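Have a look at the structure below before the remarks.
Read the numbers this way: they start at 1 and go in the same order the structure lists the ligands and their atoms. These numbers were taken from a predicted model, which means no experiment stands behind them.
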Amino acid sequence: MHKSGFVNIIGFPNTGKSTLMNSLVGERLSIITYKPQTTRHRILGIINESNFQIIFSDTPGIINPLYPMQKIMMQYVEKSLEDADIILLITEIGKLEYLPIFNELKKKNVPIIILINKIDKIGIKCRENILYHGIDYWHKLFPNSEILPISALKKTNQDLLMNKIIALLSEHPPYYPKEFLSNRSKRFFVNEIIREKIFFLYKKEIPYSVEINTVLFKKEKTFIDILSYIYVERSSQKGILIGNRGETLKKLKFFSIRSIESFLRKKIKLKLHVKICPNWRYDYKKLKFFGY
Ligand SMILES: Nc1nc2c(ncn2[C@@H]2O[C@H](COP(=O)(O)OP(=O)(O)OP(=O)(O)O)[C@@H](O)[C@H]2O)c(=O)[nH]1
Ligand SMILES: [Mg+2]
């Protein structure tokens, strides 16, 4: 018998959705930063075994969308509710939250597993009491759901979670070829890795104003030749990105090369060009060009 299904991860920003998917799949597919709204797309991560295939979806954190890019991000979340065989609703220990989307979730006839993440942040002594309140809160909201405290970072209760997921999966042939790890191209991952480094190197609104487009990805004999455009919204941001005598851009290139090489397991040559695309986050045409 072969089991297969879509397991979609949703939740507030910064709760650990991407950390969890990467940890389950065992690859760094989704970028992770300490800032909210890191993930902008729906990204699949696939586990293939001889008798099952699990297709996880990482999604953007749920927010009240204020402009077109955020609106599209929330459409990805809504879409992931529609095609889910199992939903993993990820929350943080000590946070008792409510989202309008819960009303929709309650109507769904899909198993929901509520994950109380980051339990490693609270010492064992206090943990039990906080978890008690958390479990009570989530149980009242979703009486039919399973609730599981986890640490995505430390992989606590990961085996237990995997067993629950496999038990809930239905019999089905694989949806994707068994060698597939994701639905995304190598260029996409290059874009994302550069964006991740920008989150760590630049402050305030810069990471949120940036979009990457890798325009060249050419396999040479001993390396891959890559050219990526970094788009910002204003010329002042271009100056910040490049930095005094190009110092900051050099740093960005250094950290990007290290991570891209480790992801692709190949040597690369990387060129980064900074360009201006005014107000791209507010423009549906430009968003489409960037793959939204
Ligand atoms: N202590 C602790 N930190 C965690 C855990 N899981 C995730 N984090 C941290 O929480 C931050 C956010 O993690 P992400 O995986 O990017 O969260 P996300 O839900 O994907 O965030 P968005 O994409 O912005 O919605 C990072 O700094 C992670 O290292 C955990 O189990 N324990
Ligand atoms: Mg994320």
Side-chain angles (χ1 to χ4, degrees), residues 7-45 56-67 69-81 87-95 97 99 101 113-124 126-127 130-131 134 147-162 182-184 188-189 191-212 259 263 281 292:
V7 180
N8 301 347
I9 307 170
I10 62 161
F12 274 94
N14 215 40
T15 45
K17 299 176 293 299
S18 301
T19 307
L20 178 70
M21 187 178 84
N22 288 352
S23 165
L24 290 166
V25 177
E27 287 277 340
R28 257 188 136 270
L29 295 174
S30 277
I31 60 168
I32 297 165
T33 79
Y34 59 94
K35 289 179 183 162
Q37 291 183 56
T38 300
T39 307
R40 290 178 181 170
H41 294 271
R42 179 174 176 182
I43 300 164
L44 303 191
F56 289 100
S57 283
D58 185 15
T59 61
I62 300 165
I63 48 170
N64 182 24
L66 299 176
Y67 50 88
M69 184 182 80
Q70 293 186 331
K71 284 187 183 147
I72 296 176
M73 282 160 62
M74 290 313 101
Q75 283 167 12
Y76 296 150
V77 179
E78 280 157 26
K79 181 85 195 21
S80 84
L81 292 187
I87 290 171
L88 304 183
L89 172 62
I90 179 156
T91 70
E92 251 182 73
I93 185 163
K95 291 196 180 159
E97 301 150 317
L99 286 167
I101 213 170
I113 305 175
I114 295 167
L115 300 171
I116 304 178
N117 191 28
K118 306 195 186 182
I119 57 168
D120 59 287
K121 276 175 88 172
I122 311 280
I124 303 238
C126 303
R127 197 183 286 170
I130 297 177
L131 275 179
I147 303 169
L148 186 65
I150 60 159
S151 164
L153 199 67
K154 310 267 184 210
K155 296 183 185 281
T156 314
N157 286 342
Q158 191 161 301
D159 290 349
L160 212 61
L161 173 60
M162 276 300 290
S182 180
N183 60 334
R184 296 286 177 170
F188 174 83
F189 291 116
N191 296 343
E192 287 290 88
I193 291 169
I194 297 168
R195 206 162 62 77
E196 180 182 72
K197 303 305 161 204
I198 289 172
F199 262 102
F200 287 101
L201 277 173
Y202 301 89
K203 291 190 195 108
K204 292 182 187 159
E205 94 287 2
I206 295 275
Y208 298 102
S209 309
V210 153
E211 187 58 50
I212 320 289
S259 285
F263 180 78
R281 281 185 289 173
Y292 288 89

dist L29:CG -> F263:CZ (nearest 0.5 Å) comes out at 5.5 Å
Does a side-chain N-to-carboxylate-O contact under 4.0 Å join R28 and E196? yes
Salt bridge check, R184 against E192: does any charged N sit closer than 4.0 Å to a carboxylate O? no
Note the single closest protein heavy atom to atom 26 (C) of ligand 1, along with its residue, its atom name and the distance in Å. T33 O, 3.4 Å
Part of K35 within contact of ligand 1 (heavy atoms, under 4.0 Å): backbone
K154-ligand 1 polar pair, N/O distance under 3.5 Å: no
For atom 12 (C) of ligand 1, what's the nearest protein heavy atom and its distance? N14 OD1, 3.1 Å
Please list the nearest protein heavy atom to atom 23 (O) of ligand 1 with its residue and the distance rounded to 0.1 Å. T39 OG1, 2.8 Å
Using the side chain to side chain contact (heavy atoms under 4.5 Å, CB included) rule, take K17 and T39 through it: C-alpha gap first, then chi angles, then the decisive distance, then the call. CA-CA 9 Å; K17 299 176 293 299; T39 307; 6.0 Å; no
the protein heavy atom lying closest to atom 17 (O) of ligand 1 turns out to be G16 N, 3.1 Å
Least distance between heavy atoms, P36 atom then F199 atom: O-CE2, 4.4 Å
Which ligand 1 atoms does Q37 reach within 4.0 Å, using its non-hydrogen atoms? 24 (O)
Should the proximity of K17 to ligand 1, defined as any heavy atom under 4.0 Å, be assigned to the side chain, the backbone, both, or neither? both
Just heavy atoms, cut-off under 4.0 Å: does D120 contact ligand 1 by side chain, backbone, both, or neither? side chain
One should read off an interatomic distance between L88 CG and L161 CG, to the nearest 0.5 angstrom, of 6.0 Å
Contact atoms of ligand 1, heavy-atom distance to G61 under 4.0 Å: 25 (O)
What do we get for P36 next to ligand 1 when only non-hydrogen atoms under 4.0 Å count, side chain, backbone, both or neither? backbone
Identify which of I122, I32, D58 has a heavy atom lying nearest to atom 28 (C) of ligand 1. I32
Would you say N117's side chain and I90's backbone share a donor-acceptor pair under 3.5 angstrom? no
Does NZ belonging to K35 count more than 12 external heavy atoms closer than 6.0 Å? yes
Which ligand 1 atoms are under 4.0 Å away from a heavy-atom of K121? 1 (N)
Distance-only side-chain donor-acceptor flag, S151 / D120, under 3.5 Å: yes
Look at the aromatic rings of F188 and H41 and report parallel, tilted or perpendicular, splitting at 30° and 60°. perpendicular
N or O contact, P60 vs ligand 1, cut-off under 3.5 Å: no
Enumerated ligand 1 atoms positioned under 4.0 Å from heavy atoms of T38: 22 (P), 23 (O), 24 (O)
Pair F200-Y34, ring pair (Phe, Tyr, Trp, His ring centres under 6.0 Å): steps then yes or no: CA-CA 9 Å; F200 287 101; Y34 59 94; 5.5 Å; yes
Nearest protein heavy atom to atom 27 (O) of ligand 1, by residue and atom, and its distance? Y34 CA, 3.5 Å
Return the residue, atom name and 0.1 Å-rounded distance of the protein heavy atom closest to atom 6 (N) of ligand 1. N117 ND2, 3.3 Å
So which heavy atom in the protein is nearest atom 9 (C) of ligand 1, and how far is it from that ligand atom? K118 NZ, 3.9 Å
Among all protein heavy atoms in this structure, tell me which lies nearest to atom 13 (O) of ligand 1, with the distance rounded to 0.1 Å. T19 OG1, 3.5 Å
Rounded to 10°, how big is the angle at the Mg ion (ligand 2) from S18 OG to T39 OG1? 90°
Taking the side chain as every heavy atom from C-beta outward, state whether R195 and N191 have any atom pair closer than 4.5 Å. no
Judging by distance only, is a nitrogen or oxygen of P13 under 3.5 angstrom from one on ligand 1? no
